[in-house]
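Okay, so here's the structure we're looking at.
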Amino acid sequence: MTEQTYQRHSIEEYVVDSEPFYLPVADEIDIFEAAYAERVPILLKGPTGTGKTRFVEYMSWRVNQDRVKTGNPLSSLVTVACHEDLTASDLVGRYLLEPDGTRWIDGPLTRAVKHGGICYLDEVIEARKDTTVLIHPLADHRRLLHIEKLGEVIEAHPNFLMVISYNPGYQNALKDLKHSTRQRFVAIEFDFPPRDLEGPIIEHESGCNHETAQQLALLGEKIRNLIGQGLQEGASTRLLVYTGKLIERGIAPRRACEVAIVWGLTDDHEIQKSVMEVVTSIFE
Amino acid sequence: MTSAPDHSHVIAELEKHPAALLSAYEEAKDRVTSAIGPVSALKWAEEGVQLANLGARSWEAATEYYKASPLVVEIIGLPQFERWLESGAGLVDESPVVASSFFRASPSVLNTLAPRHIAGWAMLGSSLSKGTWKSSSLAARFFDISNDLVENVTFHELQLFVSLVQTLSNRSYDLASEALVLGQRVLPSVGEREELISLATVLAETSWREVRGSFEAAARVSLSVDRKLRRRYFSLTERLARSGMANVSAFMIESAASLARLPQEQQVVVLERAEELADISSEAVGAFLKTAPTVLERISTSQLDDWYQRGQEFLKENPDGGVAYFKLESQRAEQLLEALSSSIELDRVRGLLGMYANALAGTEVQLQSVSELAHKNIGWVSMELATTDGKNVFLPEMVDQRETKAENFSWLKVVTTHQVGHIEFNSFDFNFNGEAARFEDLRRRVADGIGAKPSATDVSSFFDMFPERALAADVFSVVEDARVDANLLQRYKGLKEHYYSVQEETLKARSPIHEMPAQKAMVELLIRLSLHQSENAQVPSQYVQQAQEIAALLRQVQDPLATVEDTAEATLRIYHLISQVPNEDVPPDEWEEADLSETEFSEPDAEAIVQNFQRQVEEGEEGEGGEEYESPEDVEYRGDFKPEMVQLLSKMKGQQGDSDDDSQEMAEGLTQEEIEQMLRDSSEVDFGDDAEVQQVASNMMKEAGSDAPDNPSGQGYNSLPHQDEDGGPLEPSEPRSFVYDEWDFRANDYRPRWCVVQERTAVAGETAFFQDTLQQYSGLMDQIRRQFESIRPETYRKHKRLPDGEDFDFDAAIEALIDLRGKVSPDDRIYWRRNKDERDVAVAFLLDMSASTAEAVEEGSRDGEWNAPGDPVAYTAWLRARRGETSRRPYKRIIDVEKESMVLLMTALEAIGDRYGVYGFSGFGRENVEFYVIKEIEEAFTDKAKRRLDKVAPLHATRMGPAIRHAAAKLAKTDAKTKFLFVISDGRPQDRGYSREGVEKEYAVQDTRMALMEARQSNITPFCLTVDRNGHDYLRTMAGDLGYEVLPDIMELPRRLPQLYKKITL
């Protein structure tokens, strides 16, 4: 008899049930809650590793807290990481061919729409342009999902909310989010947290000691000063957390920074050296 | 015994000749008689007669003979006298003129010349005389100058010299006599005459110019080369000359100048190596001797061996490359030098540390060398001390104080960090009324107490309060430096190790405090405390109390919360303490070791401080007596801290820019006079006289003005400054200038940092030109536009066997159906879809703007063009342009066609949405490759670009390599998937110095080729299009395997360029 060591959920039934760690930087929680109450779709923009995904998880957990008390069914979180080959039917669903005919299966978006929950489309502009056809009617007053192949229109569950994210930094100008899409969302900007907030985040997430966390936050700040001067993106909070974890596992701080931050940031040897000088200044 | 012999026959004979002869005889007779006796005297007299009778003009020689005799005979005595006479007589036979000179020169020459050489001397003269008039006068000349030579030169050397002159005389008597004069002038001052003459003799065979040059250079050699080495130096030079080196004199001058820079023990080493090299290549010897001092500045004598050996090996493999190596015009040489050297050159780490500084400061900090700042003459004078002007950091050009490279780098890193620290921790944001974090604010009270008025900057308002400004400024500097250091160490733990070791060394190197007068000693103590002197602080016993208070004050500032305002407060208090210490010598037994680490900080009595200030102000600047206060020595790693100058300069800059910032109270501008007054007051600058103050003030105003934003463009096409070609790597000195290597194909290596590309925005003209061209080519334009628009749909391609798509892919669908019938799970990828392959193209066009593009082109039938457009608006534009054009130029130039083609292409490109940049290039010399921006790649196509294109005009030369490298660098920055570089030229690349001896044309072509290859390697597809009908010969080499086209008829360009573009980029 094999023991099941993992948790399996149907995609629309995945609920964030323990509180994720999230440290608010500004009023983003209030904004989200207000928008959620009105079911106004939300756009999270900001560079990679600034906590967008974590924020959605946290909010998904948070909006469920009232329901826990009242015993209402919990709202799920459906996350779709978009990539350049993601088509509309990947989201909506498709017919599967089977020996004795065909069978329709719903895509993740359809499931979220039917079941009611937060559908989070991460890095949405990476997806193919035909996905916008789906997003638009869902993201305005209509709240409808058209399933062309079935000839159906589904009205979204009252608890359904669309959240999308995008990173204005590294996509080129041609791949910008269309205005007609942008203007259907409330936008919450994410950026790297200030040093005095990032320190505690790193400390909490990585479990490293207070001083190391402070130093990592300082390093993050200094490296981000170089964005646009050789670096396209700064070191994300996520990378800093990883570094903290390595240090906590006994890797020498300078070495941990080198492998977790410097080499990941850029392939340009000169810039690597400069960043390394910053590292050696901060860490003994 | 007869009485005096009768001379009457002699007299009679002499009377036949001009009277001068007889009188010479009579004048000499008595002295000669008394010297040699009457009998010999008669013989003497008769000899004269014989001489006189030898020929038509021999009486002149006889006259000189008589005149010289009394002196000669007195010098050499009778037996020698006869030999002398014999020699003279022999000369008269040849030429009386020569003989005259011989006799005339004798009295003085024989003073020094050994009698045994008399005959030899005469022979030397005679050897020059060949019976012609010119040769005689040369020989005569020889005797005339003999005295100077004989006095300084051995007879053997004289012989050598004469034989040199003789060799020269075979070619030209003028040269020979010039050589005589030169010898007279130079030989006495040269020690190694034999060697020099021997060298000159070798040179005489090829070039007189070189003989003269070598003589002249020899004097310099004597001054520069160590005495013991000169002989070797000359024989080396001779060897080189023998091996056929051209331009020996230039070699001598250059090598002498460079050896002069070396001490004797290094001269030996260098010369030894040079001798070895002489076996391989004479050119390399010259190069090596010339660069050796530069090389030795960077590496030690023993490391020179390694460097030299590598060069020598290289030289054997590839002579041109080896020479370039020794000239330091090769990357290999530079790299090896860099690897060997323990010193750190700012240039090499500028990028690295620059980015580091940016990261720390959070603003864009540029690293520059301090000498650049000193040259600006805006108040900073030190050539060594690091400093900052609040925006940029200035560092020494070379750091070489430590043993190893790593240590030198650490030192420079500490220095850089400290300067950046002033920016990071806001040293220059001092606000007179700002609140201090660790002290009670006393500034206002003191200022009010003494009735001080605010000055133009906060720092000067603060310093103005102190009667002894220099003392206050010193204290402020030390305290602020200490605050910055403390902050840095607190924040950057990794720096600790280096920082402490630098501080420790600094401490050790400071002059003994005992020798300082008390007041200075107190400041010195402050410095030492700031450098973390922890134990054994020596304090004058009398002032231990004060020292303890100072230490406590300093600790307040070293708290991480302290701001620059705290520094000011601490300065006030410390000044209060130190200014009351008289600057008197302290006897050695009145010092004691004090523990300064314990004292608790307590706010001193504010009222006492205010009163003390008031009292000092009333008493005037005289302190408490003693010597005048003098600053202790600098702390090198902390450099030069000038908060007052920085605030003044930044205020001046603020004035120049927008005045809508928050400096309301200071809104009225500073006049030159006010600035001068501030400079005079400031203790941060020392001035000789008023003129200097004025100069600095006006330089500062210029500096402040030059920083005003948005003025890089519009420099216009001025004529170019001409600079020398010689010399090594260049530096980009101006903004928007860039340095590139150049490929030397003979050396098979890059010449490092060889060309400076100056980027400029092209001057804007009118847009009419653009409209006009479109009008003119409207038919063609339509056609091109249609062609280009058709590019788009072509990029759709059908993708099959997809899980989803526009429609069924029938093949796949049928297979799936068959599977279904067979009860097998089919593959569900049964759709097809058109996939738009995104066209993601960036292209840079590089237009040749060389002078040759001014050439007129033959125009075929252009009658169509004369038809005025029907549309009235277009017509007016057409007419205006027409008029403008005809009044300027009735013909079309190559560049005009280039421009027209660009108009069409740019319009077409707008239709397909490719990103593109348009640039022009020209220039003159490697220091000045001009690169004109007409449109940047990422810039939107606006009227600006149209206007700039209008003004594109023929300029100077065509150094293609650097222009291509620069354009490629721009392309490399874009993230397009496909990148192209189009070079449109009218001929081969050429420029001053864009060549190498013997392979002038080839060099430029090869560098251009290399530039194109480099572009290729960074994923850029280069393409060369030329309208030079003879373009095939060099384009084949230059771009053979890359892609090029020669357009036989330039008028085809407007049509062909878009076609080509389409063909290549699809």
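To find a chain, count down the sequence lines: A is the first, B the second, and so on, and within it residues start at 1.
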Kindly check if the number of other-residue, nucleotide or ligand heavy atoms within 6.0 Å of [atom1] ([X]) is above 12?
{"X": "B:Phe941", "atom1": "CZ", "answer": "yes"}
{"X": "B:Lys800", "atom1": "NZ", "answer": "no"}
{"X": "A:Glu270", "atom1": "CD", "answer": "yes"}
{"X": "B:Glu497", "atom1": "CD", "answer": "no"}
{"X": "A:Asp268", "atom1": "CG", "answer": "yes"}
{"X": "B:Arg829", "atom1": "CZ", "answer": "no"}
{"X": "A:Arg249", "atom1": "CZ", "answer": "no"}

### Query
So, the side chain of A:Lys222 versus the backbone of B:Leu360: is there a donor-acceptor pair under 3.5 Å, distance only?
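Looks like yes, one N/O pair under 3.5 Å.
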
### Message
With a 4.5 angstrom heavy-atom cut-off, is it the side chain or the backbone of A:Ile282 that approaches chain B, or both, or neither?
### Response
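When you check distances to chain B, atoms from both the backbone and side chain of A:Ile282 fall under 4.5 Å.
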
### Engaged part of A:Arg254 at the chain B interface, taking heavy atoms whose separation is under 4.5 Å
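For A:Arg254, the contact with chain B is made by the side chain alone.
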
Contacting moiety of [X], where chain A heavy atoms sit under 4.5 Å:
{"X": "B:Ala357", "answer": "neither"}
{"X": "B:Gln490", "answer": "neither"}
{"X": "B:Leu488", "answer": "neither"}
{"X": "B:Asp819", "answer": "neither"}

### Message
For the residue pair B:Lys413 / A:Thr280, report whether a side-chain donor-acceptor contact shorter than 3.5 Å exists.
### Response
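There is such a pair between these side chains.
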
### Message
Looking at every heavy atom in both B:Tyr356 and A:Ser281, which two are closest together, and how far apart are they?
### Response
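Scanning both residues, the minimum pair turns out to be OH-OG, 2.6 Å.
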
### Closest contact, heavy atoms only, A:Ser274 versus B:Leu352
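Residues A:Ser274 and B:Leu352, closest heavy atoms: OG-O, 2.8 Å.
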
### Query
Does some side-chain heavy atom of B:Lys493 sit less than 4.5 Å from a side-chain heavy atom of A:Gln215?
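Yes, side chains in contact.
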
### Heavy-atom side-chain contact between B:Asn358 and A:Asn225 under 4.5 Å
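A side-chain contact under 4.5 Å is absent here.
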
### Task
Heavy-atom pairs under 4.5 Å with chain B are the metric here; pick the option from A:Ile271, A:Ile223, A:Asp90, A:Val275 that has the most.
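Of the candidates given, the most pairs with chain B belong to A:Ile271.
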
### Query
Who passes ring pair (Phe, Tyr, Trp, His ring centres under 6.0 Å) against A:Phe283, sequence neighbours left out?
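Partners of A:Phe283 under the ring pair (Phe, Tyr, Trp, His ring centres under 6.0 Å) test: none.
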
